[in-house]
Amino acid sequence: MKYLYTVRGDDFARAGKASTEFKHVLSQLGIDPAVIKHSSVAMYEAEINMVIHAGGGVAEADLSPERVLITMRDRGPGIPDIDLAMTEGYSTAPEWIRELGFGAGMGLPNMRRNADELKVESVVGEGTTVTILIRLPTAGEGK
Amino acid sequence: MTVEKIVEILDARVVAGGDCLDLEVCAACGADLMSDVMAFVKDRVVLLTGLVNPQAIRTADLLDIKVVVFVRGKTPGDDMVEMARENGMILLCTKYSMFLACGRLYEAGLRAGGVREIA
């Protein structure tokens, strides 16, 4: 099952709506609570980054019995140094974003912490695609 | 610790979810940065924050945090109260600062914090 969300980049108050909606889909489907939490945090951080840095984008969530696969695509400025961006505490967010409770340089590290696999592909001047994979526990196995 | 007890300890005002004050919480997280909250992994948590915008409610909702306390006398807007009601959350306001609010809950026996791994 695929779920598509448009992430608007012009209204910070709406940032996180896609993640919230997908979380409620997962809850209704009775998905493992740990998987829901990991998916929600990783997707929310990616969505916030999209709004702060890229003027919005598209979020696609694909659910199969084995995994949740979230793909976040934007046409923003891109990330020049992905290793540096993955460093906890490193941030290029403007001051007003920090006043709103974000931009602490925890976004990508939080995604990495919650994803079983995280892929960040970026081309400067073209955009960034973040792919987050979270495996569902098989029968009788907790995450 | 019940939310009712938290209301008493923090001399708090209930702005949403007043009919669910018998809910039990086992841990607390005090943060103004929502990414710090998201690095926090615990169940049955009360979030104390000085951040008064819809992201505070959204972050709590995504993490299944059912109780949010706004510190330093801050009051959430109607939009936030509405969001909280839709998600079955309890919102409290206290005049205490973050330090004092956390300290009072700790002193009253709410000791568990997060289990975030420091890399």
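Letters A, B, ... mirror the listed sequences (proteins, then strands); counts begin at 1.
- The minimum heavy-atom distance between Pro54(B) and Ala13(A), with the atom names listed, is CB-O, 4.1 Å.
- At a threshold of 4.0 Å, the pair Asp64(B)-Lys23(A) counts as salt-bridged, since one of the basic side-chain nitrogens sits closer than that to a carboxylate oxygen.
- Atoms NZ and CE, on Lys37(A) and Met38(B) in that order, are 12.5 Å from each other to the nearest 0.5 Å.
- Environment of NZ in Lys119(A): sparse, with no more than 12 heavy atoms of neighbouring residues, nucleotides or ligands closer than 6.0 Å.
- For a residue to count as touching a neighbouring chain, one of its non-hydrogen atoms must lie under 4.5 Å from one of that chain's; by this rule Asp32(B) touches chain A with the backbone only.
- Put simply, CE on Met34(B) and CE on Met106(A) are 12.0 Å apart, with the number rounded to the nearest 0.5 Å.
- Within the 4.5 angstrom heavy-atom criterion, no atom of Thr49(B) approaches chain A.
- A pairwise comparison of heavy atoms in Thr20(A) and Asp61(B) identifies CG2-OD2, 3.2 Å as the closest pair.
- Around the CZ atom of Arg13(B), the shell of radius 6.0 Å holds no more than 12 heavy atoms that belong to other residues, nucleotides or ligands.
- Sparse packing is recorded around CG of Asp78(B), with 12 or fewer heavy atoms of other residues, nucleotides or ligands lying under 6.0 Å away.
- In this structure, CZ in Phe102(A) is found 9.0 Å from CG in Leu33(B), a value given to the nearest 0.5 Å.
- For a residue to count as touching a neighbouring chain, one of its non-hydrogen atoms must lie under 4.5 Å from one of that chain's; by this rule Ile36(A) does not touch chain B.
- Val52(B) and Phe99(B) are members of different hydrophobic clusters when ILVMFWY side chains are connected at heavy-atom separations under 4.5 Å.
- The shortest heavy-atom contact between Ser35(B) and Asn110(A) is O-ND2, 3.0 Å.
- Within 6.0 Å of CZ on Arg75(A) lie no more than 12 heavy atoms contributed by other residues, nucleotides or ligands.
- We find the CD-CG distance between Glu99(A) and Leu51(B) to be 10.5 Å, quoted to the nearest 0.5 Å.
- Listed here is the closest heavy atom pair of Ala39(B) and Arg113(A): CB-NH1, 3.6 Å.
- Contact annotation for Leu62(B): both backbone and side-chain heavy atoms come within less than 4.5 Å of a heavy atom of chain A.
- A donor-acceptor pair under 3.5 Å is formed between the side chain of Gln55(B) and the backbone N or O of Ala15(A).
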